[in-house]
Amino acid sequence: MKHTAFIGVPADFSFRSTVYSHGWCELAPFELDVEDWRLSCVFRDDDNNAVSAVIFEENDRIRIDLANSKVDLTSIIRDTRHLLRLDDDLNEFYRSIEGHDRLRWVRERRAGRLLRSANVWEDLVKTICTTNCSWGLTKSMVSNLVEKLGAPADNGKKAFPTAEAMASVSEKFYRDEIRAGYRSPYFVELAENVASGKLDPQKWLTSDLPTPELKKEMKRVKGVGDYAAENLLKLVGRYDGLALDSWLRSQFYKNHNKDKVCPDKKIERHYKDFGKCRGLVIWCDMTEKWIN
DNA sequence: GCGTCCAGGTCTACC
DNA sequence: GGTAGACCTGGACGC
């Protein structure tokens, strides 16, 4: 028997623009049905049970269908608000791009909310999986993590593994089963630190630290360098880093530098005037064609 | 079929 | 603080 919940959305919210804001919708346990624009995912409720859900837009509201009718909706609604960023205030960002014709589409399409996972732990592991490899390999590593270490929901779909589950396997498991290569010892160390309570990535969401300090804290995690930390900062709502990776650089070269390679400092100068919003501005500037 | 390059980079050693 | 070299994987490409 299905269980259904509805959530109201802000006036400047777009389900499509948010879900398709970056590659996260392609990473397990997310599954995106682009025909019907339905996002499947697997949450964990407050009792740590895996809960499979389908999220979609219906009559200007977000509808969540759960396969299990016994689930307490409170945590599922909270996590859905988090991953769709329903409580983010985009006014400062929209003000920062006013007068820039090239970016007019952003407000028109109500873009600017970057999809995230249900918690920061999951975003942290996934971000490490994006480093120094093709997008195909990222998807493969994340899919392996979910399939081999995730807990199943009632319908058999699996949740992203907990830190405890990831701490329970060896470096060899990450190399042989997850195909994580040199990242394997990083995952072991990270999972042990989070499972033991030594590190709590969720606190980054509400940290009072200035962004440079928070970035330093993130970079203490092995496998997290400048790009990964700045990507994570975007996912906790801080956009003063550009999170330059090879894809973003190549798009900048195409769009603003006649397809010629240039130093990162030139890219930084280009977005300098957007201040604290520059990380979100460059991302939107490079992804206009993604969203229609 | 084989070798090389390179992806949504980072770490360590060294200067 | 800046830089060189090493690092897993797997697909694309040239030969």
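Numbered from 1 within each chain, the chains take letters A, B, ... in sequence-line order.
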Measure the acute angle between the ring planes of A:Tyr182 and A:Tyr186, then classify it against the limits of 30° and 60° as parallel, tilted or perpendicular.
-> perpendicular
How far does the P atom of C:dA4 sit from the matching atom of B:dG8, given to the nearest Å?
-> 24 Å
Identify whether a stacking contact exists between A:Trp135 and B:dG8, where the ring centres must be under 5.5 Å apart and the planes under 30° apart.
-> yes
When the distance from CE of A:Met218 to C1' of B:dC11 is rounded to whole Å, what number comes out?
-> 19 Å
From B:dC11, C:dC7, B:dG8, nucleotide with atom closest to A:Asn132 side chain | C:dC7
Distance, rounded to the nearest Å, where A:Glu230 contributes CD and B:dT10 contributes C1' | 14 Å
If you look at every strand shown and take non-hydrogen atoms under 4.0 Å, does A:Gly223 touch a base, only sugar-phosphate, or nothing?
-> sugar-phosphate
For the pair A:Tyr174 and A:Phe187, name the ring-plane relationship: parallel under 30°, tilted 30 to 60°, perpendicular over 60°.
-> tilted
With both distances kept under 3.5 Å, what pairs with B:dC11, Watson-Crick or G-U wobble?
-> C:dG5
Pair A:Glu57, A:Trp37: side-chain N/O donor-acceptor within cut-off below 3.5 Å | no
Options B:dA7, B:dT10, B:dG8, nucleotide nearest the side-chain atoms of A:Trp247 | B:dG8
Picking from B:dG8, C:dG10, C:dC7, the nucleotide nearest the side-chain atoms of A:Arg179 would be C:dG10
Mutual orientation of the aromatic rings belonging to A:Trp247 and A:Trp283 [parallel < 30°, tilted 30-60°, perpendicular > 60°] = tilted
Once you round it to whole Å, what is the distance between P of C:dT3 and CG of A:Asp264?
-> 12 Å
Rounded to the nearest Å, what distance is computed from the CD1 atom of residue A:Ile128 to the P atom of nucleotide B:dC11?
-> 9 Å
Heavy-atom nearest nucleotide on DNA chain B taken for A:Lys222 and for A:Leu244; more 5' hit belongs to A:Leu244
For atom CG of A:Asn231 and atom P of B:dG9, their distance in whole Å = 11 Å
Check whether any side-chain N or O of A:Arg183 sits under 4.0 Å from OP1 or OP2 of C:dC7, and answer yes or no.
-> no
If we take the P atom in both B:dC2 and C:dC8, what is their distance in whole Å?
-> 23 Å
So, is A:Ser246 close to the B:dG9 phosphate, meaning a side-chain N or O under 4.0 Å from OP1 or OP2?
-> yes
Candidates B:dC11, B:dG9, B:dG8 - which lies nearest the side chain of A:Tyr186 = B:dC11
Residue pair A:Thr211 / A:Arg238, side-chain donor-acceptor N/O under 3.5 Å = yes
Please determine, for the side chain of A:Leu137, which listed nucleotide (B:dT10, C:dT9, B:dG9) has the closest atom?
-> C:dT9
Compare side-chain N and O positions of A:Arg249 against OP1 and OP2 of B:dG8 and report whether any pair is under 4.0 Å apart.
-> no
Would you say the side chain of A:Ile55 lies within less than 4.5 Å of the side chain of A:Phe15, judging by non-hydrogen atoms?
-> yes
Looking at every strand, decide which applies to A:Ala243 at a 4.0 Å heavy-atom threshold: base, sugar-phosphate, or nothing.
-> nothing
Take atom CG of A:Leu242 and atom C1' of B:dG8, then tell me their distance rounded to the nearest Å.
-> 14 Å
In whole angstroms, how far is the P atom of B:dG8 from the OH atom of A:Tyr253?
-> 13 Å
When we call it a touch if two heavy atoms are under 4.0 Å apart, what does A:Leu248 touch: a base, just sugar-phosphate, or nothing?
-> nothing
Under 4.0 angstrom, heavy atoms only, what part of the nucleic acid is A:Ser134 near: base, sugar-phosphate, or nothing?
-> base
Integer-rounded Å distance: B:dT12 P and A:Asp226 CG = 15 Å
